[in-house]
Each structure stands twice: as C-alpha cells, then as structure tokens.
Protein chains: 2
Amino acid sequence: MRADAKKNYEHILAVANVVIAEHGVDASLRDIARRAGVGLGTLYRHFPTREALLEALLRASFDEFTTKARILETASSPDDALVSWLREVVEFTSNYQGVVDVMMAAKEDPESALHASCITMRTAGTKLLARAQAEGLARIDMDGDDLFSLAAALAWLSNQPSSAPRADHLFSIIASAILTNRAGSDFRA
Amino acid sequence: MRADAKKNYEHILAVANVVIAEHGVDASLRDIARRAGVGLGTLYRHFPTREALLEALLRASFDEFTTKARILETASSPDDALVSWLREVVEFTSNYQGVVDVMMAAKEDPESALHASCITMRTAGTKLLARAQAEGLARIDMDGDDLFSLAAALAWLSNQPSSAPRADHLFSIIASAILTNRAGSDFRA
DNA sequence: ACCTGAACACCGTTCAAGT
DNA sequence: ACCTGAACACCGTTCAAGT
C-alpha cells in the first residue's frame, strides 16, 4: 500500500470510530468521508461495504474476546467464566449502537465481511458453554447459536434507552436462565 | 371527514398494511403513497408521522391484547395466563419487522403516537405478572417494564433470520426465567 | 376541505476524469 | 495507484398552487 493510501486508510478508520460512536452503525458514510477530508470514492476504495468498515473497526476487539475466553477457561469456574465472558461481550457490543442487528445478519451470510468475526465469537462462546454444561452448571438444551442469540438480545436491550437503565438486571435474569436448569428446561417444550 | 378523504384514509391504511408487511416498519412512505395512487402530501395529511400511521395500523390489535389479558386473568392459572399472553404478544409483534424498536422508543416518548399503546400493553402485562407473583409463580424482582423489555427482546429475536428458527426455544428459556425463581434471582446481584 | 407534486436537503453507490 | 467529485436513483418532509 502506498504511503498516502495507508494514511488515508487509517485516518478514515479513526474518524469512523468517532462518527459511529456518535450516530451508531448507520452513520452517514458521506459524513465520515467529509469529516475525514477525503473523497467519497476513497472511502469506498478502502472499504467497499459498510460491513468492511465495521470489520476493520471491530476485528481487534473480537480477537481479544477469543483470547479472553481462553484465559477464563483455565482461570475461573465454568459458570463464572461463561457469565463473565458474556457480560463483557454484551457490554462491549452495546457501545456500538445497531451493531447487533448487523452481526445477526452477518452470521448467516458467508459473503459478509463480518461473517468470520461472528463465527469466531460463536466458537469462543460455545466452548465456554460446553464446559459449563459438562459439569451440569448450564442447561443442556442450548447450543452456541442460542448463546449468541441471547447475548445479542441483551446487547440490543442495553442499546434501547427504555431498557438500558435495567440492563444489568435483565442480564441477571437471562443469565440465571442459562445457568440454572432445575427442571425449568422442559417448560412448555 | 369528507367522503373522499375518508376513502383515501382507508385506502392508504390498507396499502400500508401490505407494504409494511413486505418491507417492514421502515418501508418507504413514498412507495406507500405511490401504490395507493395518492399524492405524498395526502399521506402526510392523514398521518403526520410514521408512528401515526403505525398507530392506526396496530391500535385495534393492541386493544385486543388488553381484553385477552382480562379473559386470561379469570380463565387460566396465573402462570399459564402470563406465558400464553406473552407468547401471543411476541408472535403478533414479530409479524411487523422493526416495530419493536419503534415501540421501545415510543414507550419513553409521551409525544409519540404509539405511546398510549405501549402503556396499555405494559399495564395489561403488569397485571398478569403481579397475579403470578402474588402466588409465588413468577420471580418477584421484576416489574412490568422488565416484562415489556423481555417481550420486546423475544420479538426482536423472532425477527432475526438468524434466531427465528429457534424462536420457540428461546421463548421457553426466557419464560422459564420469568416463571421459576428458585434462588436464581440473586445471581451476581 | 382536501389533494397534488415540485422543491429542498439529505442518502448510498458508481465511475469518468484527473494526478 | 490512488484520489476526486459529479451523477444517478432513491429517501423524508414541507408547502405553494390548485380543485
């Protein structure tokens, strides 16, 4: 990559981070290019789709969650590890308004630039879940996709002004459903 | 209302129902006006905001949920009544893609045309919840707003292609969290 | 009273023209 | 190689002009 191109690439990314933090994932790409002092075509050259931009913005953090899962797997009890990890994922995700909708769609779309990140997250979560399940600490009628979905739902709730104040409480309600299985699993099955 | 105006009003509503079923709550208003064979200004005259249009579209169904709650309150056991009602609300809401986002926002905004409908729903749910709580069948650390939030989250999940196939299962997981309290409530409180 | 559609200020996306 | 910005096809919203 040419030096000027690299500079543009990184500057766009920095500006995008600010603008998306402000206006959410649907922020105007025109606005980002404008505030970056760059032509609209330049933004599209570096990030051909909105998801490509998001991917560049979030990849590092997603990788961190994978290593964090590995650490928790050896450092904490299975149930604590699962819940702590879930809490961090939800908290991080809720910093990017609207990103959960994009992630949920990207998980099903192999063409999406965010697809790999979704699978990465699901894999990390699945391992923590399976470990808790193996010790009878998590309900067995759940898989990694269910965990992904519940995490997404919690992040979505954290992003709604209406439920954000009670986000912690809603988290604990759903966490208790995941962790304790005591005959609740066959309810209206 | 003049006869021609009334005819327009109702025709717009009918077309909107179709278009919104097809493209979700963010459907193009221009498109609705076009397909209704009506000027864009006419649509705005009858429905000054998108939420006013949604309100006209959904009010009847929301009222039904209130009467349905009243019936369940005398016809079923407290836990069955709560869960059955919740299930119907979630199922209905998930027919209108994106409406949960609008509802969550409208609940906090007294100026929204949908605000009253939100409060109506919350009130109906709160009564069913309180009745179950009074008999020890639902966790006590929850209020009507929490119930509203969980219902919204479930409807949101039902709307995501990624989680829709497991929507029933996710419903039962969260329902079990609401219904059975067995010491799970103080988890990580 | 009610209806119409042009006008305005925004989008996302593409692509010919420049350096 | 890379950048620019005009061009195109869409929006939501408003409002002067018509009947």
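All values derive from a computational prediction rather than experimental measurement. Sequence lines set the chain letters: A, B, ... in the order given, protein chains first and strands last, and positions in each chain run from 1.
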Legend entry - Watson-Crick or G-U wobble partner of C:dC10, both distances under 3.5 Å: none
Inset, instruction - Would you kindly give the CZ-to-P distance between A:Phe47 and D:dC3, to the nearest whole Å? - result: 11 Å
Legend entry - Spacing of A:His11 atom NE2 relative to D:dC2 atom C1', expressed in whole Å: 18 Å
Legend entry - Residues B:Arg35, B:Asp31: salt bridge by 4.0 Å N-O rule: yes
Legend entry - Listed nucleotide nearest any side-chain atom of A:Arg45, set C:dC2, C:dT4, D:dC2: D:dC2
Legend entry - Presence of salt bridge, B:Arg122 and B:Asp145, under 4.0 angstrom: yes
Inset, instruction - Determine which nucleotide pairs with D:dT19, using a 3.5 Å limit on both distances of a Watson-Crick or G-U wobble pair. - result: C:dA1
Legend entry - Any A:Asn8 side-chain N or O less than 4.0 Å from OP1/OP2 of D:dC2: no
Legend entry - Side-chain H-bond candidate by donor/acceptor type, A:Arg139 with B:Ser176, under 3.5 Å: yes
Legend entry - Side chains of B:Leu53 and B:Leu29 in contact at under 4.5 Å (non-hydrogen atoms): yes
Legend entry - Donor + acceptor pair across side chains of A:Trp156, A:Asp101 (<3.5 Å): no
Legend entry - Any A:His46 side-chain nitrogen or oxygen under 4.0 Å from OP1 or OP2 of D:dC2: no
Inset, instruction - May I ask you to decide if A:Val38's main-chain N or O and A:Thr42's side chain share a donor-acceptor pair within less than 3.5 Å? - result: no
Inset, instruction - Would you mind telling me which of D:dC2, C:dC3, C:dT4 lies closest to the side-chain atoms of B:Val38? - result: C:dT4
Inset, instruction - Assign a letter to each nucleotide of nucleotides 7-19 of chain D from its 5' end: B, base within under 4.0 Å of a protein heavy atom; S, sugar-phosphate only; -, no contact. - result: B---BBBBB----
